[in-house]
Every structure is written in C-alpha cells, then in structure tokens.
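The next block holds one structure in the form of structure tokens; read it before the comments.
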Amino acid sequence: MHDSLPIPRAILFDLDGVLITSLENHFFTWSTVLSDQGISVTRRDIALGEGEKAEVSMRRFFQEKAGITPSDEFVMELVNRKRKLYRENSPPQINPEAHGLLQKLKASNVLLGLVTGSARVNLESSLIPEEIALFSAIVSGEENLPGKPDPAPYLEAMKRLHCEPAEC
C-alpha cells in the first residue's frame, strides 16, 4: 500500500479542453472567420494552437496558409470577430466532473487558479459567475504576458496566489 499524495496548496487549471469542451466551437469560429478570407483550417490546425494567443494564431494561419503578413489592425479586427462569434455560440458549459472537483477542492481550502489563453470576455461567457468565483486568481489571454506554452502565465497565477511552484 502506498502513502497518499499530499494535497497541494494551490491547483492551476486550464479552461479549454480541461474545464470546458470547446474544440468544436473554436474550430467552427476559426474556420468561419478565416474562410471569409479564403483560408481553410483543419481541426488539427486549431488543436495545435491550443493555448496560444488568438492574435498569434491568426498571424500564423495567414502566414502558413496564404503567405501573407496581415497588419496588426486587421489581425485584431478578425480576432474580435472570432471572439464575438465564439460567445454567440457558447452557452456556459463547464464539464460536470470538473465542476464537482472544483467545489471539493475549494471546500478543502485549496487555492484555485485559472490560466487560459482565452480572452476574459470569452471566459465569462463559458462559465457562470458562481464558477468564476471559485478561482482566487485568473490569468487570461489578453494580459501582457507571453502565451502558453510559455510558463509566464502560470508563474503569474502563482504570484497572484502567493504560492511557490512546489506548492502548486
């Protein structure tokens, strides 16, 4: 028999693919916005960019698929259009197992952090206010940090939780 693992002081969660199932909606919104520009993407293209900042993905798709380097203004116009379409098609939908786990952890006084590449407005359309309130720290995609997989967003969440990496 083995000893049980110690309960960490904090746990950091991702949103897309962990707390919510969102790949299909992201694929729909990316493919809709990009098809208007003559660019086709696959589910694999979207999955490979999971956690990446939307503006980085948008530039990458234009460069890889069309050999074009769009202006920053155009990129943000398309990103905002994509985010709006995402919100219009995404009712709050936390995975039931994740919801139960978050409540149990919170009741056990574990600090909860949320680190997502999604914009805060998309996060707020994906979770209900009571679910958002479970998190003591939230780091979202539009903050002035490198995007995932860079560790900076996770380190920022730990800083906000006043925790060291070994405590998470």
Side-chain angles (χ1 to χ4, degrees), residues 11-99 102 112-161:
I11 298 178
L12 306 178
F13 288 89
D14 185 25
L15 180 67
D16 295 294
V18 176
L19 298 181
I20 64 171
T21 303
S22 57
L23 181 60
E24 282 305 309
N25 193 21
H26 280 296
F27 172 68
F28 167 75
T29 57
W30 276 109
S31 60
T32 299
V33 169
L34 288 169
S35 69
D36 291 346
Q37 304 302 314
I39 296 174
S40 178
V41 291
T42 65
R43 283 174 178 77
R44 185 174 189 276
D45 292 329
I46 304 308
L48 289 174
E50 183 64 34
E52 188 173 62
K53 289 188 173 200
E55 54 271 24
V56 172
S57 296
M58 189 68 73
R59 280 187 197 91
R60 182 170 48 80
F61 290 140
F62 269 87
Q63 290 168 349
E64 290 176 359
K65 306 279 185 176
I68 298 169
T69 302
S71 70
D72 291 345
E73 296 79 18
F74 187 62
V75 165
M76 289 315 299
E77 176 186 326
L78 293 179
V79 165
N80 289 330
R81 190 180 314 161
K82 187 254 182 227
R83 288 176 175 160
K84 182 177 185 284
L85 187 59
Y86 179 88
R87 288 189 305 277
E88 290 170 353
N89 290 281
S90 293
Q93 57 180 355
I94 193 168
N95 295 323
E97 297 85 2
H99 181 83
L102 291 172
L112 302 177
L114 180 57
V115 180
T116 180
S118 292
R120 180 71 185 227
V121 68
N122 284 0
L123 157 69
E124 291 171 351
S125 74
S126 298
L127 302 175
I128 61 173
E130 293 79 15
E131 293 163 343
I132 294 170
L134 294 170
F135 296 96
S136 299
I138 296 175
V139 177
S140 60
E142 70 269 305
E143 297 191 37
N144 192 21
L145 296 167
K148 296 187 296 182
D150 191 288
Y154 295 100
L155 294 171
E156 179 62 25
M158 286 184 257
K159 178 181 170 186
R160 293 178 189 180
L161 293 170

Check: [X] side chain, [Y] main-chain N or O, donor-acceptor pair, under 3.5 Å:
X: Ser71; Y: Phe74; answer: yes
X: Lys65; Y: Gly38; answer: no
X: Glu131; Y: His99; answer: no

Any heavy-atom pair between the side chains of [Y] and [X] that's under 4.5 Å?
X: Glu124; Y: Arg87; answer: no
X: Thr116; Y: Ser140; answer: yes
X: Phe62; Y: Val75; answer: no
X: Trp30; Y: Asp45; answer: no
X: Leu123; Y: Arg120; answer: yes
X: Glu156; Y: Pro153; answer: no
X: Gln37; Y: Phe61; answer: no

Would you call Glu55 and Arg59 a salt bridge, using N to O less than 4.0 angstrom?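 Result for this pair is no, no salt bridge flagged.
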In terms of side-chain geometry, is the basic nitrogen of Arg43 or Glu24 positioned less than 4.0 Å from the acidic oxygen of its partner?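 So Arg43 pairs with Glu24 through a salt bridge.
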[X] [atom1] to [Y] [atom2] distance, which is reported to the nearest 0.5 Å:
X: Arg81; Y: Asp36; atom1: CZ; atom2: CG; answer: 6.5 Å
X: Leu85; Y: Ser31; atom1: CG; atom2: OG; answer: 9.0 Å
X: Leu114; Y: Ile11; atom1: CG; atom2: CD1; answer: 13.0 Å

Restricting to non-hydrogen atoms, name the atom on [X] and the atom on [Y] that form the minimum distance, rounded to 0.1 Å.
X: Ala157; Y: Leu12; value: CB-CD2, 3.9 Å
X: Arg160; Y: Ala137; value: CB-CB, 3.8 Å
X: Glu52; Y: Ser57; value: OE1-OG, 2.6 Å
X: Ile138; Y: Glu143; value: O-OE2, 3.6 Å
X: Leu127; Y: Phe135; value: CD1-CE1, 4.4 Å

